[in-house]
Amino acid sequence: MQNKLFINGRFVDALSGVTIEVLNPHDGSVITHIAAAEAADVDLAVEAAARAFPAWSRMAAAQRGRLLLRLADAIEANAEELARLESLDTGHPIRDSRALDVPRTAACFRYFGGMADKLEGAVVPVEPGFLNYVQRAPIGVVGQIVPWNFPLMFTSWKMGPALAAGNTVVIKPSELTPLSSLRIAELMAEVGFPDGVVNVVPGYGHTAGQRLAEHPRVGKIAFTGSTATGRSIVEASQGNLKRVQLELGGKGANIVFDDADLDAAVNGAAWAIFHNQGQACIAGSRLVLHERIADAFLDRFSALAASIRLGNPLDPETEMGPLTSAQHRDRVLSYVDVAREQGGQLLAGGKAPAAASLAQGYYVEPTIVQARPDDRVAQEEVFGPVVTVLRFGSDEQALAIANGTPYGLGSGLWTRDLSRAHKLAGAMQAGMCWINCYKRVSPGSPFGGVGQSGYGREMGFEAMRDYTEARSVWVNVDAQIAPHYRR
Ligand code: NDP
């Protein structure tokens, strides 16, 4: 298990020698100690990335792509090990790490590997006699800050498009969950990525993250995390006016109409909030129910929630694991009190499970709260297995509730009425809308938000384009340019 910084193709200690404990969220035991990058280590990583940039950006795009394809193969060849590492470090149930995190990570690297030599420029029809063409050139060194909720998958979402486009990378995983990104770095070295093209510097946000965001040689910073930290990233980026891409919080509205297939909606709504213990920016954390079906829906939904199997993430039978840290578990549980204080009604959960086998871990039961649209629990991102139920009577009311927070990331609609579905999908203030499904992602489909959920997109051609600059080149082919100054 790698526990050092990865700088210039080598695993090294932090200059300060400081290390941080990495804990198993299932029982609080120490998995390992990782080197903690600080500003000076980030500087070394940026210098390494800057040195690697000229050769990497001039390498044939197809060759860069081939390395990404080899990485995808290596991830698949080491799938079980990566799945176990991710589950150990984050608390993801192993069935999800095996079926989702690892295959999605490989698929994303493979997608961008294939795309590396397909991002074309343009020829612009300008005045006769001139040729104007537009090249897509890489930005240079890019900084990427990933959080602790999907650390493995997010390395591919962030690094895939950046590397395919010819940038070099310094990536900071959360110090809570650095293990899978360090293993990816090791695989990258094995499949032949040149030294310095990717550097991995786990460390605290206020030191390592802050330095990366403000570093004058970093041309773009891509960040996934809270809206509050997103704002400080923007401030830190101002020194050299670096580009910023932000994927921030969410408060996904998942609307169930009275004509929906209730079996599918109950199951999909439970997945929308309880997958990864609700620690997802796109979680369907507001369940917006038509008043005609709300009671029947809640009976089935509560029964399903109560039956979800909590347990050790490494047990293949486990459907819900622990939250990733004790501090975050406490924050999530504090929202149950917030909801109660504002008159909310607790319908299920709201506490740690009673089982002695889970007592040392950071577990929270699937929790259902009924509240009003303006209550804090319906407005603020809880980021845990806590769903807020809201009721509506008309399509207009449903839309007003859905669009009634400052966020705009994921959203869902469950209805058999096609015209309503498409009309509302277009009216939702959200970067993504799922109709009769929830939480689908694919490397080809742009992912990102509006409003306080951030800007810029991950995945798809959009993402790769966003890791390039458009450069316009003018050529005088046979134009007769009248002299500007007649002498
Ligand atoms: P943060 O936004 O504070 O942290 C996310 C990442 O940013 C971490 O790697 C963190 O490092 C780093 N970071 C923190 N401060 C800075 C800084 N000044 N400059 C650069 N990087 C920084 O989120 P938290 O982990 O504190 O979680 C709080 C809430 O944020 C959650 O409850 C949830 O609502 C939201 N969140 C949203 C995520 C999403 O997917 N959109 C992911 C994670 C959180 P460090 O670990 O050292 O703090």
Side-chain angles (χ1 to χ4, degrees), residues 18 20-23 34 36-39 42 89-90 143-155 157-158 170-178 181 200-215 218 221-239 242 244-252 275-283 285 323-335 338 362 364 376-377 379-386 405-410 431-432 439 441 447-449 451-456 458:
V18 171
I20 305 173
E21 280 182 344
V22 179
L23 302 180
I34 49 138
E38 293 180 355
V42 171
D89 203 9
T90 64
Q144 304 184 321
I145 299 176
V146 293
W148 40 266
N149 53 336
F150 292 97
L152 174 65
M153 203 170 70
F154 286 166
T155 59
W157 289 21
K158 292 248 181 305
V170 178
I171 188 164
K172 188 198 93 64
S174 166
E175 79 288 350
L176 295 170
T177 57
S181 349
V200 186
V201 285
Y204 291 116
H206 61 274
T207 50
Q210 178 73 21
R211 177 61 182 154
L212 197 52
E214 71 190 15
H215 201 293
V218 171
I221 188 90
F223 171 77
T224 299
S226 65
T227 299
T229 304
R231 283 199 193 90
S232 52
I233 297 283
V234 173
E235 272 170 36
S237 73
Q238 287 172 359
K242 60 173 64 67
V244 182
Q245 182 247 318
L246 299 173
E247 203 270 272
L248 306 175
K251 195 72 192 174
H275 165 231
N276 198 28
Q277 297 74 258
Q279 301 169 125
C281 48
I282 53 175
S285 53
L323 301 190
T324 297
S325 70
Q327 191 191 7
H328 187 59
R329 184 256 334 260
D330 296 345
R331 183 177 179 278
V332 167
L333 284 176
S334 75
Y335 270 97
V338 165
Y362 315 139
V364 173
R376 280 183 59 200
V377 72
Q379 287 287 319
E380 299 174 15
E381 186 174 48
V382 178
F383 219 63
V386 178
T405 79
Y407 293 116
L409 196 60
M432 279 106 24
K439 264 193 163 187
V441 294
F447 184 103
Q452 303 290 298
S453 293
Y455 44 76
E458 305 210 89

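No hydrogens, no waters, no symmetry mates; every other heavy atom, side chains included, goes into these values. Every number for a ligand or one of its atoms is a count from 1 in the order of the listing.
The option from Pro173, Gly209, Ala208 that lies nearest to atom 21 (N) of ligand 1, judged by heavy atoms, is Gly209. Within the set Phe154, Phe150, Tyr335, Phe223, the minimum heavy-atom distance to atom 7 (O) of ligand 1 is found for Phe223. Comparing His206, Glu381, Arg211 against atom 34 (O) of ligand 1, the shortest heavy-atom distance belongs to Glu381.
In terms of protein heavy-atom proximity, atom 18 (N) of ligand 1 is closest to Gln210 OE1, 3.2 Å. In terms of protein heavy-atom proximity, atom 17 (C) of ligand 1 is nearest to Gly205 O, 3.4 Å.
Atom 26 (O) of ligand 1 is never approached by the protein to below 4.0 angstrom, counting heavy atoms only. Protein heavy atoms are found less than 4.0 angstrom from atom 46 (O) of ligand 1.
Here Phe150 contributes atom CZ and Thr324 contributes atom OG1; the two are 9.0 Å apart, rounded to the nearest 0.5 Å.
With a heavy-atom cut-off of 4.0 Å, Gln279 does not touch ligand 1 at all. When non-hydrogen atoms are compared, ligand 1 lies under 4.0 Å from the backbone of Ser174 as well as from its side chain. The backbone of Val146, and not its side chain, has at least one atom closer than 4.0 Å to an atom of ligand 1 (non-hydrogen atoms only; backbone = N, CA, C, O). Of the heavy atoms in Leu176, none comes closer than 4.0 Å to ligand 1.
Residues His328 and Tyr362 are not in side-chain contact: their nearest non-hydrogen atoms beyond the backbone lie 4.5 Å or more apart. Counting heavy atoms from C-beta on, the side chains of Thr224 and Trp157 never come closer than 4.5 Å.
Side chain of Lys172 to main chain of Val42: no donor-acceptor pair is present (N/O by atom type, distance under 3.5 Å, no hydrogens or angles). Without hydrogens or angle criteria, Ser237 side chain to Ala213 main chain gives no donor-acceptor distance under 3.5 Å. In terms of modelled atom types and a separation under 3.5 Å, the side chain of Glu175 and the main chain of Pro202 share no donor-acceptor contact.
Near His328, meaning under 4.0 Å from any of its heavy atoms, are these atoms of ligand 1: 32 (O).
Closest non-hydrogen pair, Glu381 versus Gly249, comes out as OE1-CA, 3.3 Å.
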